[in-house]
Amino acid sequence: MKYKFDQSRAPIYEALERFRQMRVVPFDVPGHKRGRGNPELRDFLGQQCIGVDVNSMKPLDNLCHPISVIREAEELAADAFGAAQAFLMVGGTTSAVQSMILTACKRGDEIILPRNVHRSVINALVLCGAIPVYVNPEVDQRLGISLGMKREQVAKAIADHPNAVAVLVNNPTYYGICSDLRAIVDMAHKAGMLCLADEAHGTHFYFGADLPISAMAAGADMAAVSMHKSGGSLTQSSFLLSGPNVHAGYVRQIINLTQTTSGSYLLMSSLDISRRNLALRGKQVFGHVQELASYAREEINAIGDYYAFGRELMDGNAVFDFDSTKLSIHTLDIGLAGVEVYDTLRDDYDIQIEFGDLGNVLAYLSIGDRMQELERLVSALAEIRRRYRRSPAGMLTQEYIDPIVAASPQEAFYAEKVSLPLDETEGRVCSEFVMCYPPGIPIVAPGERITKDILQYIKYAHEKGCQMTGPEDPDIRYLNVLK
């Protein structure tokens, strides 16, 4: 890909290096004063790091209103990602997703989206008062995971809700499944709606070859890109991208409603340096990641009983495309829930994978992985099968339960509520979230009716060791429901 700007530049990093050499006397924040006031922190992080943990100042620009080096970094990022505008985000992709939705939606607006969204999406609806129109994805009956949105499902939702302001798409899902993004963009635009993409797991689509189409290439209006996941930047750093038909000044105002006024230069410089790395070397490094994933899938499937799934799932619609860097493995045929394999890998083999749910595990492969670590993972999985294999009879398989929406997320979240024991909540309307994290897709969200299946899922996931988050009660013995 040809770029308009010199992608070997990293303006924020360069400005910090100049600043480091100036030996400026600090009478500003942060109070550790380049680490002198907190020697334990300096020794832990290192002088190189803590010496550039600085505050906004004229030579270093200001994230809320960038006019120099941060603005240059954003222009380079927009060029690298093929966007009209890029915004540096230091509140994680959660803040990017929420800014994207708050830009598109106001109170009472309808937004079309799949239900298997990250909690940050529904959180944004709580904040702005928009009304979700859910497209309930189909479920792969063997794997128990939700698929993408079918074209006809989106077309029906648009026809049934012509006043909706936007359509949101996961590109891809946590498991690597992609909807027909280009077709959905076209349908949305023909109906006068924006198309938004949650690309928390799709950074590499912009730089690799033979990967699913990126949101900006498909013509989407906005995309939240989790640079710290597959892109190599520091945790909590992301980009928000926008297309030519989105007013950049308004997006900046929306971002400034919630994002910190004290942007971390550690996070911003990591975005700057990582964007440069991917622009210069992304095709090569992600090609290597695809090779690693392909090798691992073949080796894991040869073990027996495991199923490391890939592009064979593609059907041209609900699974329009598949992210071949994803190493997702179905575990139920060895008689273990995904979370049980996840725990065993960590506790017995010192291998930390991304997550395990009721039926699958995900080993997240990216630019820092090596063949020897993959071989260790394959060997551990083979040994787990040999040691712990049992009958899968009686195990839950369904990862996704169609919701019954009784109220908007905002209405339910702020309504008067009562806390009830879990077993007494069936039939009531939930006013809080319950989810396994990761992946952070709500089992039940504010405004949804609690059913027997949902209660069974919560108890089973808790029993199997899923990390449950969301409710006010940390032990999940009680749930808040509408009075």
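Model, not experiment: these values are computed from the prediction. In this chain, numbering begins with 1 at the start of the sequence shown.
When the options Tyr364, Tyr342, Tyr174 are evaluated for a ring pair (Phe, Tyr, Trp, His ring centres under 6.0 Å) with Phe355, the one that passes is Tyr174. Between Ile401 and the options Val139, Ile454, Asn136, a side-chain contact (heavy atoms from CB on, under 4.5 Å) holds for only Ile454. Between Asn360 and the choices Ile145, Thr331, Ile329, the side-chain contact (heavy atoms from CB on, under 4.5 Å) rule is met once, by Ile145. Checked options Leu113, Val117, Asn170; the residue passing with Asp198 is Asn170 (criterion: side-chain contact (heavy atoms from CB on, under 4.5 Å)).
The aromatic ring centres of Phe286 and Phe207 sit 6.0 Å or more apart.
Looking at Ser294, its side chain never comes within 3.5 Å of a backbone N or O of Gln290 through a donor-acceptor pair. In this structure, Asn55 contributes its side chain and Pro30 its backbone to no donor-acceptor pair below 3.5 Å. Listed for the Thr203 side chain is a donor-acceptor partner under 3.5 Å among the backbone atoms of Ser226. For the pair Asp321 (side chain) and Cys178 (backbone), a donor-acceptor distance under 3.5 Å is absent. Distance alone, capped at 3.5 Å, is enough to place a donor-acceptor pair between the Asp272 side chain and the Ile12 backbone. At distances below 3.5 Å, not a single donor-acceptor pair connects side-chain atoms of Ser242 with backbone N or O atoms of Met222. Put simply, the side chain of Tyr306 gets close to the backbone of Leu381: a donor and an acceptor are under 3.5 Å apart. Not one N or O on the side chain of Asp79 forms a donor-acceptor pair closer than 3.5 Å with the backbone of Glu75. Of the possible polar contacts, one joining the Gln7 side chain to the Leu76 backbone as a donor-acceptor pair under 3.5 Å is found. Proximity of a side-chain donor or acceptor of Ser270 to a complementary backbone N or O of Ser233 within less than 3.5 Å is not detected.
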Exercise for the section: Please test Ser230 against Thr325 for side chain to side chain contact (heavy atoms under 4.5 Å, CB included), starting from the C-alpha separation and ending with a verdict. Expected result: CA-CA 10 Å; Ser230 61; Thr325 72; over 6 Å; no

Practice task
Report the C-alpha separation of Ile101 and Val121 in whole Å, then their side-chain angles, then the decisive distance to 0.1 Å, and conclude whether the side chain to side chain contact (heavy atoms under 4.5 Å, CB included) test is met.
Solution key: CA-CA 8 Å; Ile101 292 173; Val121 174; 3.6 Å; yes

Exercise for the section: Test side chain to side chain contact (heavy atoms under 4.5 Å, CB included) on Phe81 and Phe239 and set out the steps. Expected result: CA-CA 10 Å; Phe81 283 88; Phe239 284 118; 3.7 Å; yes

Practice task
Take Arg275 and Glu74 through the salt bridge (charged side-chain N to carboxylate O under 4.0 Å, His left out) test and state the conclusion after the steps.
Solution key: CA-CA 10 Å; Arg275 179 270 316 151; Glu74 290 184 337; over 6 Å; no

Problem - Audit row: Met149, Ile184, side chain to side chain contact (heavy atoms under 4.5 Å, CB included) steps and yes/no - result: CA-CA 9 Å; Met149 294 191 293; Ile184 293 171; 4.2 Å; yes

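When all heavy atoms of Asn62 and Tyr265 are compared, the pair lying nearest together is N-OH, 4.4 Å. Scanning all heavy atoms of the two residues, the minimum distance from Val165 to Ala104 falls at CG2-O, 3.5 Å. Nearest heavy atoms, Leu60 versus Val69: O-CG2, 3.5 Å. In terms of heavy atoms, Ser120 sits closest to Val97 at OG-CG1, 3.5 Å.
Taking 4.5 Å as the limit, every side-chain heavy atom of Asn116 sits out of range of all side-chain heavy atoms of Leu147. Leu332 places a side-chain heavy atom less than 4.5 Å from the side chain of His330. Between Ser238 and Val225, the closest side-chain pair of non-hydrogen atoms is not below 4.5 Å. Counting heavy atoms from C-beta on, the side chains of Phe205 and Pro172 come closer than 4.5 Å. A 4.5 Å side-chain heavy-atom check between Ile50 and His32 finds at least one atom pair inside the cut-off.
A salt bridge links Arg20 to Glu17: at least one charged side-chain nitrogen sits closer than 4.0 Å to a carboxylate oxygen. We find that Lys326 and Glu354 are not joined by a salt bridge, their nearest charged nitrogen and carboxylate oxygen being 4.0 Å or further apart. Between Asp6 and Arg9 there is no salt bridge, since no side-chain N of the basic residue sits under 4.0 Å from a carboxylate O of the acidic one.
A distance of 10.0 Å separates OG in Ser146 from CZ in Arg115, rounded to the nearest 0.5 Å. To the nearest 0.5 Å, atom OG of residue Ser431 and atom CD of residue Glu472 are 8.5 Å apart. Rounding to the nearest 0.5 Å places OG1 of Thr103 at 8.5 Å from CG of Leu196. Between the CD atom in Glu299 and the OG atom in Ser379 there is a gap of 11.0 Å [rounded to 0.5 Å]. A distance of 10.5 Å separates CZ of Arg297 from CG of Leu374, quoted to the nearest 0.5 Å.
Figure legend: Arg311 and Phe322 shown without cation-pi pairing, the cationic atom not lying both under 6.0 angstrom from the six-membered ring centre and within 45 degrees of its axis.
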